[in-house]
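These notes concern the structure reproduced below.
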Amino acid sequence: QWFRKPADFDEWHYLAQLMQARAITLAIEWLRAHMPRCMGVLYWQINDCWAGHSWSAIDCAGRPKLLWYATRRAYAPRLLTIQPVEKKRPTLFVVNDSDEAWRGTVRLRRMAMSGTLLAEAEVPFSAEPRVSITIADLRDALGKADDSRGEFLVADSDGRRALRFFEHDRTLRYPAPQLTTELTRAGDVWRLTVQAETLLRDLTLRGGMANGEWRIANARGDNCVTLLPGEMHVFEIESRSSLERESLSKPPALWCANHFGMK
């Protein structure tokens with residue numbers, strides 16, 4: 001329903017983890033947006049002691065799945081989230097679950113998949129501690145999407161970002177992913193720098209591969225990130241053996257959801 005049918009196990013493995021991460025994120029953000037009706041969210045489960053299909057965020061070998069990174073973002077004390085509320089109109093919420101007031105300005109954008117800016121607005125906000133507040137009806141602020149399969153919404157503030165796509169991936173007209181990469185090394189830590197030339201949705205480096213040769217340095221970075229054209233992300237990798245930039249810059253090591261859109 002959401003993605004085109006995977007062609008092989010590598011594609012299935014990426015999509016299975018991506019679907020899990022999105023599903024739990026969707027639930028967490030929906031509930032957090034509805035404070036004080038809901039004042040807490042728990043999810044099952046953190047890890048596994050046995051190999052197999054499960055809802056765990058970390059597998060039995062200690063390798064984080066995409067859910068591990070997704071929940072770290074979804075549970076951040078300060079959160080932006082776009083939810084379909086009144087008549088399913090996309091509405092931006094600011095969730096402040098910290099002890100300090102959060103004041104700032106949100107930059108709102110409606111963009112084409114090509115990266116073209118279609119509409120833009122800035123909205124100031126002030127969120128007291130332990131509240132969720134509605135900031136803007138994005139249809140009012142940015143206009144109705146002219147092409148639901150070729151546009152998306154972005155909200156940015158203070159290093160936080162919320163995204164909203166109008167259709168399931170298999171019907172979206174994603175651009176063919178284009179990027180440049182650079183690989184550098186400092187001791188046992190390697191840095192793969194990815195520069196996006198197009199939209200790259202849910203860009204993922206599959207760390208902790210089955211052969212155990214290398215793994216993502218989890219404490220120092222993020223994974224499964226969405227980049228807009230011109231943006232950059234650095235993956236930190238732990239490996240005692242040599243790595244090759246070319247093999248890390250494409251599937252089955254580097255994936256994005258663009259591969260699973262409309263053909």
Side-chain angles (χ1 to χ4, degrees), residues 2-22 24-25 47-48 51-54 56-73 163 169-170 172 174-261 263:
W2 282 69
F3 304 100
R4 67 164 175 81
K5 186 176 180 180
D8 54 32
F9 179 78
D10 284 323
E11 290 193 350
W12 178 91
H13 188 262
Y14 168 71
L15 290 180
Q17 290 203 17
L18 180 59
M19 176 61 77
Q20 180 195 26
R22 287 199 193 170
I24 299 298
T25 295
N47 61 356
D48 266 326
H53 295 80
S54 80
S56 71
I58 302 171
D59 71 14
C60 64
R63 296 172 297 196
K65 302 177 184 178
L66 300 189
L67 177 62
W68 190 88
Y69 302 97
T71 51
R72 187 167 63 177
R73 292 190 293 266
L163 294 157
D169 297 65
R170 66 180 179 83
L172 293 177
Y174 288 129
Q178 297 181 29
L179 52 89
T180 59
T181 59
E182 180 183 8
L183 184 64
T184 58
R185 182 178 186 178
D188 291 341
V189 176
W190 298 70
R191 292 167 59 90
L192 180 69
T193 301
V194 179
Q195 181 83 30
E197 297 180 0
T198 61
L199 167 72
L200 301 175
R201 187 179 183 188
D202 294 317
L203 181 70
T204 298
L205 184 64
R206 291 177 63 195
M209 306 296 281
N211 57 21
E213 291 181 355
W214 57 271
R215 62 190 303 139
I216 300 290
N218 302 304
R220 291 190 296 274
D222 206 353
N223 207 349
C224 197
V225 297
T226 296
L227 302 182
L228 304 184
E231 293 183 340
M232 180 182 70
H233 182 72
V234 178
F235 295 100
E236 294 199 346
I237 308 164
E238 295 174 345
S239 177
R240 295 182 180 179
S241 58
S242 295
L243 299 175
E244 296 181 356
R245 182 190 62 82
E246 184 176 352
S247 63
L248 292 175
S249 302
K250 59 185 179 181
L254 192 66
W255 290 92
C256 66
N258 300 43
H259 296 291
F260 303 94
K263 294 295 184 182

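Positions are given from 1 along the sequence.
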Notebook entry, point to check: Leu248 and Leu183: side-chain contact (heavy atoms from CB on, under 4.5 Å), yes or no, with the steps?
Noted result: CA-CA 9 Å; Leu248 292 175; Leu183 184 64; 4.1 Å; yes
Checklist line | Asn47 (side chain) donor-acceptor with Ala57 (main chain) under 3.5 angstrom | finding: no
Next item on the list: With rounding to the nearest 0.5 Å, note down the distance linking SG in Cys256 to CG in Leu205.
Entry: 12.5 Å
Next item on the list: Would you indicate whether Arg4, at its atom CZ, is surrounded by more than 12 heavy atoms from other residues, nucleotides or ligands within a distance under 6.0 Å?
Entry: yes
Note to self: Can you confirm whether Leu200 sits close enough to Thr226 that some side-chain heavy atom of one is under 4.5 Å from a side-chain heavy atom of the other?
What the structure shows: no
Notebook entry, point to check: Does the side-chain contact (heavy atoms from CB on, under 4.5 Å) test come out yes or no for Ile24 and Thr71, once each step is laid out?
Noted result: CA-CA 8 Å; Ile24 299 298; Thr71 51; 4.0 Å; yes
Item checked: Check: Asp222 main-chain N/O paired with Glu236 side-chain donor or acceptor under 3.5 Å -> no
Item checked: Least distance between heavy atoms, Asn223 atom then Phe235 atom -> OD1-CE2, 3.3 Å
Item checked: Heavy-atom side-chain contact between Tyr174 and Leu199 under 4.5 Å -> yes
Margin query: Salt bridge check, Arg22 against Asp169: does any charged N sit closer than 4.0 Å to a carboxylate O?
Written below: yes
Check: Is there a side-chain contact (heavy atoms from CB on, under 4.5 Å) between Asp188 and Glu238 once you walk through the steps?
Finding: CA-CA 6 Å; Asp188 291 341; Glu238 295 174 345; 5.8 Å; no
Next item on the list: Can you measure from NZ (Lys65) to OG1 (Thr204) and round to the nearest 0.5 angstrom?
Entry: 14.5 Å
Checklist line | Min side-chain heavy-atom separation Asp10-Pro251 under 4.5 Å | finding: no
Check: Backbone N or O of Leu192 within a donor-acceptor pair of the Arg245 side chain at under 3.5 Å?
Finding: no
Notebook entry, point to check: Can you tell me how far the CZ atom of Arg170 sits from the NZ atom of Lys5, to the nearest 0.5 Å?
Noted result: 14.0 Å
Note to self: Is it the case that the side chain of Gln195 and the backbone of Gly230 share a donor-acceptor pair, with hydrogens and angles ignored and the cut-off at 3.5 Å?
What the structure shows: yes
Note to self: If you define the side chain from C-beta out and look only at heavy atoms, does anything of Thr193 sit under 4.5 Å from Thr180?
What the structure shows: no
Next item on the list: Would you check if Arg63 and Ile58 make a side-chain contact, meaning some heavy-atom pair closer than 4.5 Å?
Entry: no
Checklist line | Backbone N/O of Ala7 and side chain of Glu11: donor-acceptor pair under 3.5 Å | finding: yes
Note to self: What's the separation between atom CD in Gln20 and atom CH2 in Trp68, rounded to the nearest 0.5 Å?
What the structure shows: 14.0 Å
Margin query: Just by distance, no angles: are the side chains of Ser54 and Asp48 close enough, under 3.5 Å, to form a donor-acceptor pair?
Written below: yes
Checklist line | Non-hydrogen atoms of Ala21 and Ala70 that approach each other most closely | finding: CB-CB, 3.8 Å
Check: Are any of the side-chain heavy atoms of Arg73 and Val225 separated by less than 4.5 Å?
Finding: yes
Checklist line | Test item: Thr198 side-chain N/O and Gln178 main-chain N/O as donor-acceptor pair under 3.5 Å | finding: yes
Next item on the list: Can you see which heavy atom on Arg185 is nearest to which on Ser242, and at what distance?
Entry: NH1-OG, 4.4 Å
Margin query: For His259 versus Pro177, what's the shortest heavy-atom pair and its separation?
Written below: CE1-CG, 3.7 Å
Next item on the list: Would you indicate whether the side-chain heavy atoms of Leu18 and Phe3 approach each other to under 4.5 Å?
Entry: yes
Note to self: Within the 4.5 Å heavy-atom criterion, are Leu254 and Leu179 side-chain neighbours or not?
What the structure shows: yes
Next item on the list: Give the ring-plane orientation class for Phe260 versus Tyr14, where under 30° counts as parallel, over 60° as perpendicular and anything between as tilted.
Entry: parallel
Next item on the list: Output the distance between atom CZ (Arg206) and atom CG (Leu66), rounded to the nearest 0.5 Å.
Entry: 9.5 Å
Notebook entry, point to check: CG of Leu203 to CZ of Arg201: how many Å apart, nearest 0.5 Å?
Noted result: 13.0 Å
